[in-house]
There are 2 protein chains.
Amino acid sequence: MTPMTAARTSIPADRPQLGLRERKKIKTRTAIRDATYRLIEEQGYDATTIEQIAELAEVSPSTVFRYFPTKEDIVLTDEYDPLLEAELRARPEDEPPMDSLRYVLGKAVVVGMAEDAEVTRLRTRLMAEVPAVRSRMMESMSVTSHLLCQVIGERTGRGPDSFEVRVFAMSLIGGLMEVSLYWAQHDHEDDFAELVDRALDVLEHGLTPRAE
Amino acid sequence: MTPMTAARTSIPADRPQLGLRERKKIKTRTAIRDATYRLIEEQGYDATTIEQIAELAEVSPSTVFRYFPTKEDIVLTDEYDPLLEAELRARPEDEPPMDSLRYVLGKAVVVGMAEDAEVTRLRTRLMAEVPAVRSRMMESMSVTSHLLCQVIGERTGRGPDSFEVRVFAMSLIGGLMEVSLYWAQHDHEDDFAELVDRALDVLEHGLTPRAE
DNA sequence: CCACCTTTTGACAGTTACTCTCATTTCATG
DNA sequence: CATGAAATGAGAGTAACTGTCAAAAGGTGG
């Protein structure tokens, strides 16, 4: 039906020879996610129960919970973190952290949007509308924050548990969170990449005294 | 028992003449909160059920839910927001927003710690340890963020829905969140007020190139 | 192709946070 | 004290999880 129904395989059958078992697992995972997205679009987040998801995905409720710890995770989980880390580490050692971040995040946005813009929009919409989803997103972003701490901590010579680095990373996360919210609340009319860029300006220089 | 058991009345019987009904409501509210703190200290957050809380507070479970929408709210809810707003607005018009924030937050920390340091520590500890509490805290802080947007939006001449202001406010919230986490994870050994101050430095100037 | 072991699955029972409804009790007021 | 409004408690119901155990499916050596 929607473009979402297909193409939810960011992790394609990595290597053709993968064993029936592994392939089935991936299929189940995406089946659950697809079912979830479809049901949520039709009837909303709260009205969608795990039982319905299980039925549509043709698995048992137990299996749903085996694949995703919480309902919110079905919507949100994605493994961009390792990519993010790799990209960050690939930046030249002497590049100022802020520039590295700007580059990497910019790239991440492009990739994310290219992969499935529809899903990205649904996700941010749910983040804005469903508190539980927003909370879960914050949690998962704070994991990303720790990852940032590692890299930035190394690059700046402070440790990964440096107070300043941690505060910086988390405030970055907060800022990016708000970018998504703003974008969704304005009906995804702005250019997401540009918003991220402007947000980074704020993070870098603080709130400049005069507008424009 | 603990110093917590008493003195949970940040809102004292505002005016002596308040009607038995209102006074009882306040008592019930604090009874529920006290019971919750006590049970959590004894047996941990997850192991503490609403039923137990209700029993110890000598009300029915229904009543607990009438006073607090979620279990996390029993631990966290506190109405500092109006005070915060008032204090912020009381700052001179021409003071740079960052300076106003520094002053107001500094004061808030002092007041919060003076009121009941024990509870403050328990709360931050729970924030660090219990994901659900942390999430709820984030939610409630994002409410505070909106409030900040109002004031800062006015002061800086941009509207309260200015993208830059929103990003700034939310990144501030994220940063402060991390302050609390850091503080709790380091066993509350640092001076909280000083940590807040250092966090604001990061927010104001970004991550400066060299440590110290 | 078959036996054997491991992983995955489904069925089921149980817990708990939270919602809704309705009758009862408790306070406020004339 | 009578009357209305607000607060409470009791109880039934929902849905997200958790844990257990037996059956089924996939992989492997003969």
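By convention in this document, chain letters (A, B, ...) are assigned in the order of the sequence lines, proteins followed by strands, and residues within each chain are numbered from 1. Just so it is clear, the values below take in all heavy atoms, side chains as well, and ignore hydrogens, waters and symmetry mates.
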J.: I would like to know whether B:S142 and B:M170 meet side chain to side chain contact (heavy atoms under 4.5 Å, CB included); could you show each step before the answer?
T.: CA-CA 7 Å; B:S142 89; B:M170 198 58 186; 3.9 Å; yes
J.: Between B:E55 (CD) and D:dG9 (P), how many Å, whole number?
T.: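 The answer, rounded to whole Å, is 13 Å.
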J.: Mind calculating the distance between NZ (B:K25) and P (D:dA6) to the nearest angstrom?
T.: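 Atom NZ in B:K25 sits about 10 Å away from atom P in D:dA6.
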J.: Quick one: side-chain hydrogen bond (donor to acceptor under 3.5 Å, both in side chains) partners of B:Q43, sequence neighbours excluded?
T.: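 Only B:Q52 meet the side-chain hydrogen bond (donor to acceptor under 3.5 Å, both in side chains) criterion with B:Q43.
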J.: Using atom CD1 of B:I26 as one end and atom P of D:dA6 as the other, report the distance to the nearest whole Å.
T.: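 Rounding to the nearest Å, CD1 of B:I26 and P of D:dA6 are 18 Å apart.
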J.: If you apply the rule salt bridge (charged side-chain N to carboxylate O under 4.0 Å, His left out), what do you find for A:R158 with A:E164, and how did you get there?
T.: CA-CA 9 Å; A:R158 315 173 222 237; A:E164 268 77 13; 5.1 Å; no
J.: Considering only residues two or more places apart or on different chains, which pairs with a residue in residues 125-136 of chain B satisfy side-chain hydrogen bond (donor to acceptor under 3.5 Å, both in side chains)?
T.: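 Counting only pairs at least two positions apart or across chains, the side-chain hydrogen bond (donor to acceptor under 3.5 Å, both in side chains) contacts touching residues 125-136 of chain B are A:E139-B:R134, B:D73-B:R136.
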J.: Is any side-chain heavy atom of A:R123 closer than 4.5 Å to a side-chain heavy atom of A:T120?
T.: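 They are not in contact (no side-chain heavy atoms under 4.5 Å apart), so the answer is no.
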J.: Report, one pair per line, the protein and nucleotides 11-17 of chain C atoms (nitrogen or oxygen only) whose separation is under 3.5 Å.
T.:
unit_1, atom_1, unit_2, atom_2, d
C:dA11, N7, A:S62, OG, 3.3
C:dA17, OP1, B:K71, NZ, 3.3
C:dA17, OP2, B:I50, N, 3.2

J.: Determine whether B:R102 and B:D201 satisfy the following criterion, salt bridge (charged side-chain N to carboxylate O under 4.0 Å, His left out), listing intermediate values before the conclusion.
T.: CA-CA 9 Å; B:R102 201 178 286 272; B:D201 287 337; 2.9 Å; yes
J.: Please enumerate all residues that pass salt bridge (charged side-chain N to carboxylate O under 4.0 Å, His left out) together with A:E51, with sequence neighbours excluded.
T.: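 If we apply the salt bridge (charged side-chain N to carboxylate O under 4.0 Å, His left out) test to A:E51, skipping adjacent residues, there are no hits.
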J.: In whole angstrom, give the distance that lies between atom CZ of A:R23 and atom C1' of D:dA25.
T.: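 Computing the A:R23:CZ to D:dA25:C1' distance gives 14 Å.
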J.: Here's a test for you: under side chain to side chain contact (heavy atoms under 4.5 Å, CB included), which of A:V75, A:I74, A:V130 qualifies with A:I40?
T.: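 Result for side chain to side chain contact (heavy atoms under 4.5 Å, CB included) with A:I40: A:V75.
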J.: Atom CD1 of A:I53 and atom C1' of D:dC17: how far apart are they, to the nearest Å?
T.: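 After rounding, the gap between these two atoms is 13 Å.
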J.: Tell me: CD of B:E58 to P of D:dT8, nearest whole Å?
T.: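 Value for this atom pair: 14 Å.
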J.: For nucleotides 27-30 of chain D, which of its nitrogen or oxygen atoms have a protein nitrogen or oxygen under 3.5 Å away, and what is each distance?
T.:
unit_1, atom_1, unit_2, atom_2, d
D:dG27, OP1, A:L20, N, 2.9
D:dG27, OP1, A:R21, N, 3.1

J.: Quick check on C:dC27: is either OP1 or OP2 less than 4.0 Å from any side-chain nitrogen or oxygen of B:K24?
T.: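 So the side-chain polar atoms of B:K24 do come within 4.0 Å of the phosphate oxygens OP1 or OP2 of C:dC27, strictly under.
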J.: Taking only residues at least two apart or on different chains, which pairs with a member in residues 170-192 of chain A satisfy ring-ring contact (aromatic ring centres under 6.0 Å, His included)?
T.: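 Of all non-adjacent pairs touching residues 170-192 of chain A, those that pass ring-ring contact (aromatic ring centres under 6.0 Å, His included) are A:Y182-A:H186, A:Y182-B:F163, A:W183-A:H188, A:W183-A:F192.
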J.: Is A:Y67 touching bases, backbone alone, or none of the nucleic acid, heavy atoms closer than 4.0 Å?
T.: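 Result for A:Y67 = sugar-phosphate.
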J.: Please state how far atom CZ in A:R136 lies from atom C1' in D:dA16, giving the value in whole angstrom units.
T.: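 After rounding, the gap between these two atoms is 14 Å.
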